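The structure appears right after this line, and notes come after that.
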Amino acid sequence: MKRVIYILPLAAFVVIAAYLGVGLTRDPHTLPSVLIDQEVPPFSLAAIEGREKGFSSADLIGEVSLVNVFGSWCVACRIEHPFLMRLKDDNVVPIHGINWREENRQAGPAWLARFGDPYTLIGDDPESKGAIAFGVSGAPETFIVDARGVIRYKHIGPITPEVWESTLWPLIQELRKG
Amino acid sequence: MIVETGHFALVMALVVALVQATLPLIGAQRGNEAWMAMARPAAIAQMLFVSVSFGCLTYAYLTSDFSVLNVVNNSHSAKPLIYKISGVWGNHEGSMLLWVLILAVFGAAVAVFGANLPPTLKARVLGVQALVSVGFFLFVLFTSNPFERILPAPPDGHGLNPLLQDPGLAIHPPFLYLGYVGFSIAFSFAIAALIEGRVDAAWARWVRPWTLAAWMFLTAGIGLGSWWAYYELGWGGWWFWDPVENASFLPWLSGTALLHSAVVVEKRDTLKGWTVFLAIVTFSLSLLGAFLVRSGVLTSVHAFATDPARGVFILVLLLIVIGGSFALFAWRGPSLKASGLFLPVSREGSLLLNNLLLTTAAAVVLLGTLYPLFLDAIGGGKVSVGAPFFNAVFVPLMVPLLVAMAIGPLLPWKRGDLVAIFWRVQLVLGLTGAAVFLTWVFAADGPMFALLGMGLAAWLAVGTLFEIGERTRLFRASMAESGRRLRRVSRAAWGMTAAHFGVAVLVAGITASSAWTVESIQTMRPGETVQIAGYDFTFEGARDTRGPNYEAVTGTFTVTRDERPFTVLRPERRVYPVEGQQTTEAAIRSTFLGDLYAVIGEAEGADGAFVTRLYFNPLVPWIWAGLVIMCIGGVVSLSDRRHRVGAPSRRHRAQAVESPAAA
């Protein structure tokens, strides 16, 4: 009996190591969404403080757009933010924002006021309604939605200039053509 | 040429480490004294070679040698000197070189200061230490070579992530590594003890100072990191339960447990298997932390290197080091016989309770950190486990720990009487009650947990002072007698008192800042005033300024209290053109009761208005003070001669050496 106790740590470690091994094979950045190539389920989000218009599934029809999930609590969003500001300044594609899981109604607007606001439309999403519609797993996350309102791509984590040049921007141009 | 020298020195260090990892271990097994004696010069040579290697990389950074890929990626000729130096470890390759440097320095320290260790134990400890070194040398040389050249050399570098260009962060990784890697010594001692099949009081006496030193560095490292997050990230927060923060906190929790269980081994000759287990766990958690950060398995701001090859390599290293140690533990552990018996209510009992609570805390933090990974591995999708989970499980574990912390030192070894103790601590209970009452008077509308937190802080602080009072029979014996007893209190005991008192101050700071932070976000025009916590913040406007390698907007707030000038705050928002990134520099003025904290945001409109964030963060300075007091406790305890020289037999010689200097 006593011997078993001494073996427990080894057993526990083997289990953890197995999971770590599996974890290594999964790139956290390329996990596909189950909703890829499906129409965004209908949703309607209220405006954040300081804006009049919210963000709903109807707004996605008619033009290729980026939908970016962010929150003032999200560290990596802060890293990504300057790049979104650059995209906005270049005015290449409309960027819509889902301000996800803010506990304080002023936190999101204050964050945008402080770091800049790259978004065309923003929906306030304290109850994860929009996040569920898109199958969001964490923030930041960015979706490319085509002109018919179909989710075509999901990017997990901050958008970097490399990801933009190699993947997102070519896909947007392709979607615009046909 | 210098760069190639650095590379070559690293290869030489590997060769020496291979010798150190084999001959002494075999020698100890066969009783070959010459082979065992190889350990000492090898450990010192290994340290010298790695130092040369590290020095060469530092030289490449100082001279901005852009023919080195690592320098190109992480430095820039216009960077201030201090960040050229900190740039050496502000990246994956360089930080791993720092890791092996510290590993070798600790090994050499054991070789030099461990003159009174039994030869076989010393040979085995250094041999095990070198085995770990070999693993990391191979890792650096094969997957993370900092000396790689780039041809043709670009005219200038990419610069260092501006978030990392900060004095707090420049010195924070070395402290963390000194902590992580410092636990490798306790680990090597544990493995050596398993090979020898013997753990005794002498063994514990040798292990304790190394563990204490590592614990101190880790405490300082975590504190510095937290302080950096507080003033640099500009959210007024100081702990986010980020996976990388957790990675440093896990070994701290188990290391703290180890520190206490080693005392029991030394004084009472029991909890041996458990202590060896904790030593293995603590270093394993340090390695796991390295894996989580380096492999990119968990995404986080800190994960500056995500390369699958490195992840696989570290995983294999983990399997060998941790799996091998636990296998050895399963095989040899049962042979470690304890002699001391004790009852649940006793000093040992309270230390065991401390251990159970700390390891449970470490287990739940580990679970919360790895849970997203587990769920993903079984196809459950990606989730993130946030602060609410950690607060909900961690805080309830800390409550009984803090209660027991004040009682434990008052209990005698072997058996104690809880009822009698409670009679003795009436004074402490009374003062704790008074503290809770005062908290309630001053913050009647505050959350309930604040009453509990402030009560626990008071309980621990008063209880710790009470223990010193008891020790010296203060107010019961004559003042002269108490004074004599006070001088006889050992430095180790003072160290404990300081460290526990530091925890009390820390708890008060954490509680107050979580409960009563005042935050105000608004757009302010020049001349406008906002009142927070009794202070009037007047916005005087903002102007463009320029630093050595950044441009900034600097705001000015004059703060008055009761119409009288109090201070001027100048928060900045910086843009680093080379890296194209922004950082915020909060302006902080600390007072005894809390921090005035100001952040300046974007310009709003054309009339000089800016978005501003103003905070009053109560008792946050107490958090840093508490951590400093804890570290001071560690230093005081380490200065205790019994710790420094290990065995008491050397006492006379040490005194003889010291006395001429004193005279």
Side-chain angles (χ1 to χ4, degrees), chain A residues 2-29 31 33-34 50 72-79 81-83 85-86 101 103-104 106-107 109-117 135-141 156-158 161, chain B residues 163 233-235 240 242 273 277 280-281 284 288 291-292 295-301 306 308 311-312 315 318-319 322-323 325-327 329-334 366 370 372-374 376-378 381-384 386-387 519 521-523 573 575 580-582 584 599-602 604 611 613:
Chain A
K2 199 178 167 207
R3 207 152 248 287
V4 175
I5 295 175
Y6 284 86
I7 295 171
L8 275 180
L10 183 64
F13 172 70
V14 168
V15 173
I16 291 181
Y19 276 112
L20 291 177
V22 176
L24 260 189
T25 64
R26 300 193 161 224
D27 187 336
H29 298 275
L31 202 78
S33 165
V34 284
S72 67
W73 45 269
C74 153
V75 179
C77 301
R78 168 86 177 69
I79 305 289
H81 205 73
F83 189 72
M85 292 303 294
R86 242 170 71 192
R101 271 183 18 196
E103 283 174 15
N104 179 337
Q106 275 100 45
W111 192 82
L112 291 171
R114 185 160 152 226
F115 298 116
D117 184 347
V136 168
S137 50
E141 218 160 82
I156 297 177
Chain B
L163 280 173
L233 298 183
W235 300 311
F240 301 97
D242 173 85
F277 169 72
I280 298 174
V281 163
S284 300
L288 186 71
F291 171 79
L292 293 180
S295 65
V297 164
L298 297 173
T299 35
S300 148
V301 234
T306 52
V312 171
L315 185 62
L318 282 185
L319 283 175
I322 306 177
S325 318
F326 281 145
F329 180 72
W331 175 39
R332 305 279 290 182
L366 182 67
L370 294 182
L373 195 71
F374 288 165
D376 183 29
I378 57 171
K382 299 251 173 201
V383 293
S384 64
E519 180 182 354
I521 306 168
Q522 61 280 308
T523 306
R573 195 160 45 79
V575 177
Q581 281 195 29
Q582 281 193 15
T584 54
V599 176
I600 183 140
E602 299 286 330
E604 189 102 321
V611 174
R613 288 224 276 187

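In this text the structure is predicted, and so the values were computed from the model without any measurement. Proteins get letters first, then strands, A, B, ... in listed order; numbering begins at 1 in each.
B:I322 touches chain A through backbone and side chain together, each having a heavy atom under 4.5 Å away. For chain A, no part of B:I280 is nearby; none of its heavy atoms comes within less than 4.5 Å. The contact between A:F115 and chain B is made by backbone and side chain atoms together, counting heavy-atom distances below 4.5 Å. In this structure, chain A has no heavy atom under 4.5 Å from any part of B:V281.
When the candidates A:A113, A:P109, A:G116, A:A110 are compared by the number of heavy-atom contacts under 4.5 Å with chain B, A:A113 comes out ahead.
Atoms CZ and CD1, on A:R114 and B:I600 in that order, are 10.5 Å from each other to the nearest 0.5 Å. Considering CG of B:L318 and CD1 of A:I16, their distance stands at 10.5 Å, rounded to 0.5 Å.
Two residues are said to be in side-chain contact when any heavy atoms from C-beta on lie closer than 4.5 Å; B:F326 and B:F277 meet this criterion. Proximity of A:W111 to A:C77: side-chain heavy atoms (C-beta onward) are separated by under 4.5 Å at one or more points.
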query = After noting the C-alpha distance and the side-chain angles of B:R613 and B:T584, does the key distance pass the side chain to side chain contact (heavy atoms under 4.5 Å, CB included) rule?
reply = CA-CA 12 Å; B:R613 288 224 276 187; B:T584 54; over 6 Å; no
